[in-house]
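This is a predicted model, so every value here is computed, not measured.
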Amino acid sequence: MKKCLTKSTMRKLLICILSALLLSFYAKAQENIQLKSGDLIFQNLDCGPLCDAINAVTQGYEGNKFSHMGMVLLRNDSVLIIEASGKNVHLTPLQTFLSKSAHPHYVGRLKPAYQKVIPAALAFSMAQMGVLYDDQYLYNNGKYYCSELIYDAFKAANKNKPFFKLFPMTYKEPGSGAYFPVWKVYFGHLNMEVPEGKPGCNPGGISLSDKIDILGQKK
């Protein structure tokens, strides 16, 4: 005779089936995020010691480490990302942007009350095409790093009032009071002092803003 499944076994089997269905649904939902112009994509780049140092002193949504970000622009049938990276501010096709990192990419969208500022933020960003990358990480020096561009774009769109927040930047190892060696070397090559405490922003901080909703991962 075949043995009947016990209630305990049936319960475990049911839990396994429901868990699998929920995971499948969640994965499908992530894949189906329909990007809109003005959405923000947060990325964890593997750029070596510099990114490691950034990640060590910044926190992002649900504890994620974000070292880069960009803003979505839908143009005709193309999905482009406005980003400040490499040499300057430029447009990058979505798939090229996503291919930069194997880590999950998270999509942030402005809450409905703030959607009205998006067109002006996009217009500001597009006007910065070709502006040099801010390798000094100094706010308001005529150049842009990734989150600095986003900060200024939404500030300009908000009638020149801060939309996201600036915080004192730190380049010190947590708990030690000493600078990360990589930052001392980096700024030494630029013949400048480490800009400790200067105002700035980072992708992790923006991902925690109460003005956006994180929709999930974009695959």
Return the orientation label for the Tyr137 and Tyr145 ring planes: parallel under 30°, perpendicular over 60°, tilted otherwise. tilted

Do Arg109 and Asp213 meet the salt-bridge criterion of a basic N to acidic O distance under 4.0 Å? no

Return yes if a side-chain donor-acceptor contact under 3.5 Å exists between Glu196 and Thr170, otherwise no. yes

Can you find a pair of side-chain heavy atoms, one from Val117 and one from Leu110, that are under 4.5 Å apart? yes

Scanning both residues in full, the closest heavy-atom pair of Met69 with Pro203 reads SD-CA, 3.9 Å

Of Ile41, Asp39, Leu122, which is the lone residue that meets side-chain contact (heavy atoms from CB on, under 4.5 Å) with Met71? Leu122

Does a side-chain heavy-atom distance below 4.5 Å link Gln217 with His105? no

Nearest-0.5 Å distance, CD of residue Gln34 to CG of residue Leu215: 11.0 Å

Is any side-chain heavy atom of Lys65 less than 4.5 Å from a side-chain heavy atom of His103? no

Can you tell me how far apart OG (Ser209) and CD1 (Ile150) are? Round to the nearest 0.5 Å. 12.5 Å

Taking everything shown except Lys198 itself, do over 12 heavy atoms lie less than 6.0 Å from its NZ? no

Least distance between heavy atoms, Pro199 atom then Tyr139 atom: O-CB, 3.6 Å

Charged N-O contact under 4.0 Å between Lys143 and Asp135: yes

If Ile, Leu, Val, Met, Phe, Trp and Tyr residues are connected whenever their side-chain heavy atoms lie under 4.5 Å apart, and connections chain through other members, are Phe164 and Phe167 in the same group? no

Check the pair Tyr186 / Phe180 against ring pair (Phe, Tyr, Trp, His ring centres under 6.0 Å), numbers first and verdict last. CA-CA 10 Å; Tyr186 178 86; Phe180 283 95; over 10 Å; no

Treat each ILVMFWY residue as a node, draw an edge where side-chain heavy atoms are under 4.5 Å apart, and state whether Ile212 and Leu73 are in one component. yes

If you define the side chain from C-beta out and look only at heavy atoms, does anything of Leu35 sit under 4.5 Å from Lys218? yes

Indicate, with yes or no, if Leu40 and Phe124 share a hydrophobic cluster defined by side-chain heavy-atom contacts under 4.5 Å among Ile, Leu, Val, Met, Phe, Trp and Tyr. yes

Atom pair SG/CD of Cys146 and Glu83 - distance to nearest 0.5 Å: 9.0 Å

Should Asn44 and Asn64 be marked as a side chain to side chain contact (heavy atoms under 4.5 Å, CB included) after you check the CA-CA gap, both sets of side-chain angles, and the distance that decides it? CA-CA 8 Å; Asn44 181 1; Asn64 283 279; over 6 Å; no

Taking the side chain as every heavy atom from C-beta outward, state whether Lys184 and Val182 have any atom pair closer than 4.5 Å. no

I'd like to know whether NZ of Lys36 has more than 12 heavy-atom contacts from other residues, nucleotides or ligands below 6.0 angstrom. no

All heavy atoms of Ser125 vs all of Ala153, minimum pair found to be OG-CB, 3.4 Å

For the residue pair His68 and Phe97, categorise the inter-ring angle as parallel (less than 30°), tilted (30 to 60°) or perpendicular (more than 60°). tilted

With a 4.5 Å cut-off on side-chain heavy-atom distances among I, L, V, M, F, W and Y, is there a chain of contacts connecting Val57 to Phe42? no

Determine whether more than 12 heavy atoms belonging to other residues, nucleotides or ligands lie under 6.0 Å from atom NZ of Lys111. yes

Geometric cation-pi criterion, Lys172 with Tyr179: 6.0 Å, 45°: yes

I need the minimum non-hydrogen distance between Cys201 and Met169, along with the two atoms involved. N-SD, 3.7 Å

Centre-to-centre under 6.0 Å for Phe66 and Tyr106, is that the case here? yes

Answer whether the closest heavy-atom distance between the side chains of Leu74 and Val72 falls below 4.5 Å. yes

Under 4.5 Å between side-chain heavy atoms, hopping through other hydrophobics if needed: is there a path connecting Leu149 to Met126? yes

Side-chain heavy atoms of Leu91 within contact of Arg75, under 4.5 Å: yes

List the steps and the verdict of ring pair (Phe, Tyr, Trp, His ring centres under 6.0 Å) for Tyr114 and Phe163. CA-CA 10 Å; Tyr114 305 109; Phe163 187 83; 5.5 Å; yes

Do you know the tightest heavy-atom contact between Leu138 and Pro195? CD2-CB, 3.6 Å

Might you point out which heavy atoms bring Leu80 and Pro93 nearest each other, and give the distance in Å? CD2-CA, 4.0 Å

With rounding to the nearest 0.5 angstrom, report the CG to OG distance, Leu94 to Ser78. 10.5 Å

With rounding to the nearest 0.5 angstrom, report the CG to OH distance, Asp152 to Tyr144. 3.5 Å

So do the side chains of Gln136 and Asn141 get within less than 4.5 Å of each other, counting heavy atoms only? yes

